[in-house]
Amino acid sequence: MLDSASKTFFHLIAQSRTLKTIASRYGMRKPSSFARRFIAGETVEEAIEAARAVEARGMTVTLDLLGESVASLSQADAATRAYIAVIEAMIAAGVGRNVSLKLTQLGLDVDKASAVDNLRKILERAEPAGFFVRIDMENSPYTEVTLEIYETLWRHGSHQLGVVLQSALYRSERDLAAINAFGGRVRLVKGAYQEPKSVAYPKKADVDAAYARMIKTLIVEGHDPAIATHDPAMIEFARTVARENGVALDRFEFQMLYGVRRDLQAMLVKAGHRVRVYIPFGREWFPYFMRRLGERPANIAFVMRAILGEGG
Ligand SMILES: Cc1cc2nc3c(=O)[nH]c(=O)nc-3n(C[C@H](O)[C@H](O)[C@H](O)COP(=O)(O)OP(=O)(O)OC[C@H]3O[C@@H](n4cnc5c(N)ncnc54)[C@H](O)[C@@H]3O)c2cc1C
């Protein structure tokens, strides 16, 4: 269970260059290296191998080429080309056609119009091939612009495109009603970022209560919604809402992160649910990895043991 202090702590150390250097050197070095618990690898081949293993367990995938907050248009172009190459590789390999991406990776911090152009280029390759593309939600300075870009593209016909809402933010229930009204597709999460009290519930109990309310709205009124959580109470609640409202199991899916609660993933598959696993990969894995540690400080012990076990 994350509290605000541990989240803040991990967000601070995520900025540390020294830690990043150490982690980058050891985190992925061997098949047993510690970062591999949450990240499929640094290459698309490794991600595809992980996707095949997930699919063999009866689940679907979404691949995320890690990277965020690029600082130049040339980096944004490179990320766009890299995403298109990932899409090509997925088509060639025959794994499920679904990717997740971040707008700051496509240049949102540098120039909004270029980021939108880059997303369009990715969609031009992805849509005819039947891909679903999910825009991940970043921290609150990006909420409004991300939702605005999403709605614009949706209204221009990109209906194989989805977005993410975070129950931690006060605004999200209103955003959910607006997206449901135009038919958009939502992945519901609690929110991975440390946010100020002015925009987000400071208490976890309130984040959870909002999550439960949003589950209900999404399952009853949403369009192919995704309930993305590892929280057994929320998963049980979603199942109950579906049952009580006569919503068929194939009308929504659960989503979980690669390496987290595989037991729960298997249980849901066995119970007849659709389960999608979010598979992150790529060289820029450090910020993602730190967010996962911040969610569950017990993971730190696991990483420390692994680092010591690597023998430096
Ligand atoms: C598919 C998917 C996509 C996501 N996309 C986004 C996004 O676009 N934007 C965003 O802000 N956030 C995203 N998140 C992250 C999300 O916001 C939460 O930070 C994260 O899922 C942890 O919250 P939880 O719902 O699992 O519940 P919590 O209440 O945090 O955890 C519930 C239980 O789940 C288990 N658990 C949770 N996290 C971990 C972990 N790291 N390691 C081991 N066990 C764990 C523990 O048993 C814990 O008790 C995504 C999550 C998923 C599953």
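When a ligand or atom number is given, it counts from 1 through the structure's own listing order. Positions are given from 1 along the sequence. As the structure is a computational prediction, the values presented were derived from the model and not from experiment.
- Shown in contact with Tyr278 at under 4.0 Å from a heavy atom are these atoms of ligand 1, numbered in order with element: 1 (C), 3 (C).
- Using a 30° and 60° split on the angle between ring planes, Tyr288 and Tyr278 fall in the parallel class, below 30°.
- Ligand 1 has no atom lying under 4.0 Å from any heavy atom of Arg134.
- Note: no N/O pair closer than 3.5 Å links Asp208 and ligand 1 by distance alone.
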Subject >> Criterion side-chain hydrogen bond (donor to acceptor under 3.5 Å, both in side chains) on Glu127 and Ser158, from CA distance to verdict >> reply: CA-CA 8 Å; Glu127 281 175 341; Ser158 286; 2.9 Å; yes
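- Checked against a 3.5 angstrom limit, the closest N/O atoms of Gln255 and ligand 1 fall outside it.
- Applying the 6.0 Å contact sphere to NZ of Lys121 captures more than 12 heavy atoms from other residues, nucleotides or ligands.
- Taking the six-membered ring where the residue is Trp, Phe182 and Trp154 present tilted rings, their angle falling between 30° and 60°.
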**OP:** Check the pair Arg239, Glu236 against salt bridge (charged side-chain N to carboxylate O under 4.0 Å, His left out), reporting the backbone distance first and the verdict last.
**Re:** CA-CA 5 Å; Arg239 280 154 57 91; Glu236 209 34 58; 3.2 Å; yes
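- In this comparison of Arg291, Arg187, Glu295, Glu253, the heavy atom closest to atom 3 (C) of ligand 1 sits on Arg187.
- The distance from ligand 1 to the heavy atoms of Asp136 drops below 4.0 Å at these ligand atoms: 8 (O).
- The closest heavy-atom contact to atom 35 (C) of ligand 1, among the options Gln166, His230, Met256, comes from His230.
- Inspection of the Thr62 and Asn98 side chains reveals an N or O donor paired with an N or O acceptor under 3.5 Å.
- For a threshold of 3.5 Å applied to N or O pairs, the pair formed by Phe38 and ligand 1 contains no separation below that value.
- Residue Arg292 has at least one N or O atom closer than 3.5 Å to an N or O atom of ligand 1.
- Under a 4.0 Å N-O distance rule, the pair Lys112/Glu148 qualifies as a salt bridge.
- Against a heavy-atom cut-off of under 4.0 Å, Tyr193 is close to the following atoms of ligand 1: 11 (O).
- Between Glu173 and Thr217 the shortest side-chain heavy-atom distance does not fall below 4.5 Å.
- Ion pairing between Arg155 and Glu151 holds under the 4.0 Å rule for side-chain N and carboxylate O.
- In the vicinity of Gly191, heavy-atom distances shorter than 4.0 Å reach the ligand 1 atoms 11 (O), 16 (C), 17 (O), 19 (O).
- Ligand 1 has no N or O atom lying under 3.5 Å from any N or O atom of Arg37, backbone or side chain.
- For ligand 1, the atoms lying closer than 4.0 Å to a non-hydrogen atom of Lys204 are 28 (P), 29 (O).
- Each of the following atoms of ligand 1 lies closer than 4.0 Å to a heavy atom of Arg261: 47 (O).
- Relative ring orientation between Phe289 and Trp285 is described as perpendicular, the plane-to-plane angle rising above 60° on a 0-90° scale split at 30° and 60°.
- Close approach of ligand 1 to Val164 (heavy-atom distance below 4.0 Å) involves ligand atoms 7 (C), 8 (O).
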**OP:** Quick one: do Asp206 and Tyr211 satisfy side-chain hydrogen bond (donor to acceptor under 3.5 Å, both in side chains)? Show the steps, please.
**Re:** CA-CA 8 Å; Asp206 292 328; Tyr211 196 90; over 6 Å; no
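- Among the atoms of Ala192, some N or O lies under 3.5 angstrom from an N or O of ligand 1.
- Among the atoms of Met137, some N or O lies under 3.5 angstrom from an N or O of ligand 1.
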